[in-house]
Amino acid sequence: MTQKYILLPLLMVSMSMGAQDVADTTDVFFQHLELNEVVVTGLTGETRLSHSPTPVTVLTGRTIHSTAATNLIDAIALQPGVAQITTGGGISKPVIRGLGYNRIVTISDGVRQEDQQWGDEHGIEIDAEAVSSVEILKGPASLMYGSDAMAGVLLFHPARIAPMGQLRGSISSEYQTNNGLFGYSFNLGGNHNGFVWNARWSQKLAHEYKNHSDGYVPGTQFREQALNTMLGLNKNWGYSHLTLGYFHLQPGITEEGALDPLHEGERDYSYGIGIPFQHVHHYKAIWDNSFWMGENRLKATIGYQQNQRKEYEESPDDYSLYFRLHTLTYDVRYLVDNLNGWKLAAGIGGMWQRSQNLGEEVLIPAYRLWDVGAFITAAHDLGPVHIEGGLRFDRRMLHSYALAGEEEEHEAHEHEHGHAHHDFFIGDERFSDFSRNFNGLSGSIGAVWQATPQLNVRLNIARGFRAPNLSELGSNGVHHGTERYELGNHELKAEHSLQADLGLDFSSEYVSAQLTLFANRISNYIYAVRDLKAEYEEMTEVDYRLYRYMQGDARLLGFEAMVDVHPIHQLHFENTFSYVDAQQSDQPEETRYLPMTPAPRWTSELKYEFTHHTNNTHHSTLNFCNSYAAVQMECNLEQNHYYMADNTETRTPAYALWNFAVGTDLHIGKHHVASIYLTLQNAFNRVYQNHLSRLKYLAYTSEDGRLGYANMGRNLNLKISFPLNF
């Protein structure tokens with residue numbers, strides 16, 4: 001549930017993103033500070049949120065860790081304008097203002113996360129416990145992050161550096177009753193004369209989730225492991241950090257009609273991973289540097305990532321599909337803090353990629369990619385008006401490798417593996433050899449006007465750019481993880497967007513409010529739709545739905561609104577509403593609306609904060625600090641704006657979920673010894689389907705005649721964290 005000190009910039013907790021001396025925000029969980037004290041990652045480096053013309057939401061690490069969730073995206077998905085595409089409890093993909101997949105750039109440990117995010121069932125391979133704070137940038141951010149940042153950016157900031165001469169850490173654990181999720185995490189970091197280090201190990205284990213209608217939903221169990229380490233130097237000349245990370249996810253795969261209770265009897269749960277399932281390994285090494293040059297800074301970051309994704313369909317010892325993706329990212333920028341009143345930034349950045357197919361089944365062609373971009377930004381204050389903007393040019397070059405036809409392919413597989421594998425595809429040649437180059441010009445201009453001490457007005461116009469990915473350009477095969485056949489289009493053009501944002505922020509002693517309006521027009525919008533005619537004419541040998549990639553012009557209109565009434569300091573009644581209308585231009589009713597558009601959503605929270613701090617100096621006295629109790633409601637309205645043609649999507653009824661939450665810090669004297677959070681989700685055990693749940697579209701029929709699996713039922717979540725200080 002959104003919190004006023006998260007959603008409304010006027011009440012956010014102060015933090016310095018990207019700086020190495022970030023304050024410990026966990027000790028100010030209930031302090032409502034002013035807008036000028038909030039620092040975020042802006043166009044020209046760290047900047048006050050009061051100077052950001054684009055919508056930005058900030059979440060503290062404590063908010064993330066106190067939220068009942070099964071993965072990192074799940075923990076932030078109720079922020080205004082944010083949603084998620086889910087596959088069970090272990091896999092979630094972010095959606096910002098109706099746009100997802102490769103239209104959102106995820107930044108982790110200072111580099112863009114590249115984990116084959118084009119796939120429906122490919123989640124974000126980031127350990128939630130290792131995240132100290134999150135920035136959500138809504139709207140085109142291609143100016144700073146290049147291609148793919150058309151919808152926005154998620155910036156996940158790593159653990160804060162321990163203060164000089166201190167050794168700090170934590171031990172945390174959680175349990176969820178619905179899917180039996182058990183997780184734990186251990187962290188320890190130190191700072192000795194500027195030599196800094198940090199290490200964290202986390203693990204999760206969950207069986208199938210259940211709901212009142214379907215019972216246990218098969219294939220929704222998962223296992224997760226993560227290891228992150230950092231070594232570095234913090235000196236007066238700047239800092240240099242080396243980060244090494246490993247993430248392992250093993251989710252089940254829910255297939256159509258699996259264990260249908262109409263003829264298989266009552267299902268039970270299992271922590272074991274049955275066939276089919278995935279093995280995902282993500283490795284990364286990042287070298288992050290920042291050097292002071294007088295009052296200016298030079299920042300240089302280079303990162304290497306390797307993502308390995310395997311699918312096991314017939315045997316737990318023999319994978320059928322194996323993607324391996326190598327990614328090298330680089331970013332160099334020079335930040336000028338003050339040049340005759342101007343704040344400037346300029347730099348270059350991009351990436352190199354090499355994708356390989358190492359399994360018998362293939363879906364997208366092997367490819368190589370080279371990406372480079374250069375940008376310059378500027379910011380200036382004109383009395384009560386702050387202006388900023390910039391330009392960027394990107395060039396992306398990619399080459400797809402050919403793959404032989406079915407007969408030659410199977411002969412090669414028989415020779416290598418000793419058996420044949422039937423992998424049907426459309427056309428005489430599986431993948432052709434082709435190259436595509438894309439150029440993109442991005443820009444942004446915006447202003448913030450402090451009309452009164454209580455009212456800020458924001459206006460921003462931005463142009464975004466996205467090159468099509470290889471799944472959209474060249475896919476040709478069965479994707480078992482999504483139960484569909486996907487067919488790409490070599491001729492797709494790059495997407496270009498033009499978006500305008502208008503925002504109003506108001507704060508007074510008893511009422512805080514925020515309203516953000518946006519209008520976005522996208523040329524050459526790419527989307528996948530079901531093709532029933534081709535299924536009957538060309539897919540007679542393969543029982544899978546066929547999806548083709550198409551494109552057209554689209555426009556998205558919407559808004560996010562928030563009102564927080566706090567008649568006394570401890571009591572808050574907050575309501576938010578998010579809405580997006582996503583349509584194609586000049587289309588009939590059945591093909592008018594863009595697929596995978598979230599339903600309008602209203603959230604409400606009544607929260608009472610019992611205690612804020614303690615002045616007790618008796619070391620043996622147990623105190624409850626930062627205690628709260630909350631009643632939360634999430635109402636998703638009916639989604640009747642959906643892509644109707646060929647049953648690509650179906651209408652989703654409205655539903656409301658109720659949650660109850662309590663939490664507290666335990667202190668002995670003035671020493672923080674533990675934090676405890678207890679949340680009851682879906683308290684009334686409502687059976688519902690979220691419009692963006694992929695399990696909604698599986699060919700399964702429940703006992704009450706509903707198509708597809710429902711989402712998780714009632715769930716009690718308990719989290720406990722013990723800080724370590726030496």
Side-chain angles (χ1 to χ4, degrees), residues 85 87 91 93 101-102 116-122 219 253-258 275-276 278 309-314 319-323 355 357 359-367 400 402-407 409-410 413 420-432 434 468-492 526-551 591 595-596 643-650 694-700 707-708:
I85 298 170
T87 304
I91 299 176
K93 301 177 69 65
Y101 299 95
N102 282 72
Q116 307 188 61
Q117 57 268 32
W118 49 268
D120 266 339
E121 82 294 9
H122 300 174
I253 295 177
T254 304
E255 291 189 325
E256 298 181 349
I275 300 296
Q278 293 187 64
R309 185 176 304 274
K310 301 177 182 178
E311 287 187 6
Y312 296 77
E313 298 169 9
E314 299 177 358
Y319 56 81
S320 55
L321 183 145
Y322 183 5
F323 294 133
S355 179
N357 288 314
E360 293 181 351
E361 289 189 8
V362 289
L363 171 63
I364 67 171
Y367 70 90
S400 169
L403 182 64
E406 182 178 12
E407 181 178 350
E409 180 184 351
H410 287 175
H413 287 159
H421 184 86
H422 297 291
D423 191 9
F424 298 104
F425 62 92
I426 295 177
D428 298 327
E429 185 180 36
R430 186 56 176 269
F431 300 124
S432 62
F434 70 92
N469 60 53
L470 257 294
S471 175
E472 296 163 336
L473 288 169
S475 59
N476 186 9
V478 176
H479 200 178
H480 292 275
T482 60
E483 289 294 323
R484 68 191 200 184
Y485 196 108
E486 297 182 3
L487 195 60
N489 181 352
H490 292 355
E491 305 302 320
L492 293 176
I526 301 170
Y527 58 100
V529 296
R530 190 173 176 182
D531 191 337
L532 283 177
K533 182 179 179 181
E535 287 180 26
Y536 296 116
E537 293 183 354
E538 301 180 60
M539 302 285 291
T540 55
E541 296 181 281
V542 187
D543 188 21
Y544 290 107
R545 296 168 294 177
L546 174 65
Y547 282 75
R548 296 179 181 270
Y549 284 100
M550 307 173 65
Q551 64 182 169
T591 59
M596 303 304 283
Y643 194 96
M644 303 177 185
D646 292 338
N647 291 324
T648 297
E649 289 188 308
T650 58
R694 286 188 50 253
L695 303 188
K696 176 179 184 289
Y697 297 100
L698 295 185
Y700 158 82
L707 295 178

| message | Would Leu707 and Thr650 count as a side chain to side chain contact (heavy atoms under 4.5 Å, CB included) here? Give the steps. | response | CA-CA 10 Å; Leu707 295 178; Thr650 58; 5.8 Å; no
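- The backbone N or O of Tyr643 sits less than 3.5 Å from a side-chain atom of Glu649, completing a donor-acceptor pair.
- Side-chain contact check for Tyr101 versus Asn469: every heavy-atom pair is 4.5 Å or farther apart.
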| request: Start with the C-alpha distance between Glu361 and Val478, add both sets of side-chain angles, then the distance that settles side chain to side chain contact (heavy atoms under 4.5 Å, CB included), and finish with yes or no. | output: CA-CA 8 Å; Glu361 289 189 8; Val478 176; 5.7 Å; no
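- Around CE of Met644, the count of heavy atoms belonging to other residues, nucleotides or ligands within 6.0 Å exceeds 12.
- The main-chain N or O of Gln117 is found under 3.5 Å from a side-chain atom of Lys93 such that the two form a donor-acceptor pair.
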| task | Step by step, work out the side chain to side chain contact (heavy atoms under 4.5 Å, CB included) result for Tyr312 and Ile253. | result | CA-CA 10 Å; Tyr312 296 77; Ile253 295 177; over 6 Å; no
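- Using a 4.5 Å heavy-atom cutoff, the side chains of Leu470 and Pro365 are in contact.
- Side chain of Ser400 to backbone of Tyr367: no donor-acceptor contact under 3.5 angstrom is found.
- Using cut-offs of 30° and 60° on the angle between ring planes, the pair Phe323 and His122 is perpendicular.
- Trp118 approaches Ile364 most closely through the heavy-atom pair CZ2-CD1, 3.5 Å.
- Of all heavy-atom pairs spanning Tyr527 and Gln551, the tightest one is CE2-CA, 3.9 Å.
- Residues Tyr549 and Ser471 approach most closely at OH-OG, 3.2 Å, considering heavy atoms.
- Side-chain atoms of Arg694 and Thr254, non-hydrogen and from C-beta on, never get closer than 4.5 Å to each other.
- Formation of a donor-acceptor pair under 3.5 Å by the Asn489 side chain with backbone atoms of Arg548 is not found in this model.
- Without hydrogens or angle criteria, Lys310 side chain to Gly359 main chain gives no donor-acceptor distance under 3.5 Å.
- Residues Glu314 and Ile275 share a closest heavy-atom pair of N-CG2, 3.8 Å.
- Contact detail for Leu363 and Gly477: the closest heavy-atom pair is CD1-O, 3.2 Å.
- With hydrogens and angles disregarded, no donor-acceptor distance shorter than 3.5 Å links the side chain of Asp646 to the backbone of Thr648.
- Annotation: the span from Leu473 atom CG to Glu491 atom CD amounts to 9.5 Å, rounded to 0.5 Å.
- Closest heavy-atom contact between Ile526 and Pro468: CD1-CB, 3.6 Å.
- Taking 4.0 Å as the cut-off between side-chain N and carboxylate O, Arg484 and Glu486 count as a salt-bridged pair.
- Looking at Arg309, its side chain never comes within 3.5 Å of a backbone N or O of Gln278 through a donor-acceptor pair.
- Of the N and O atoms on the side chains of Glu121 and Thr87, not one donor lies less than 3.5 Å from an acceptor on the other residue.
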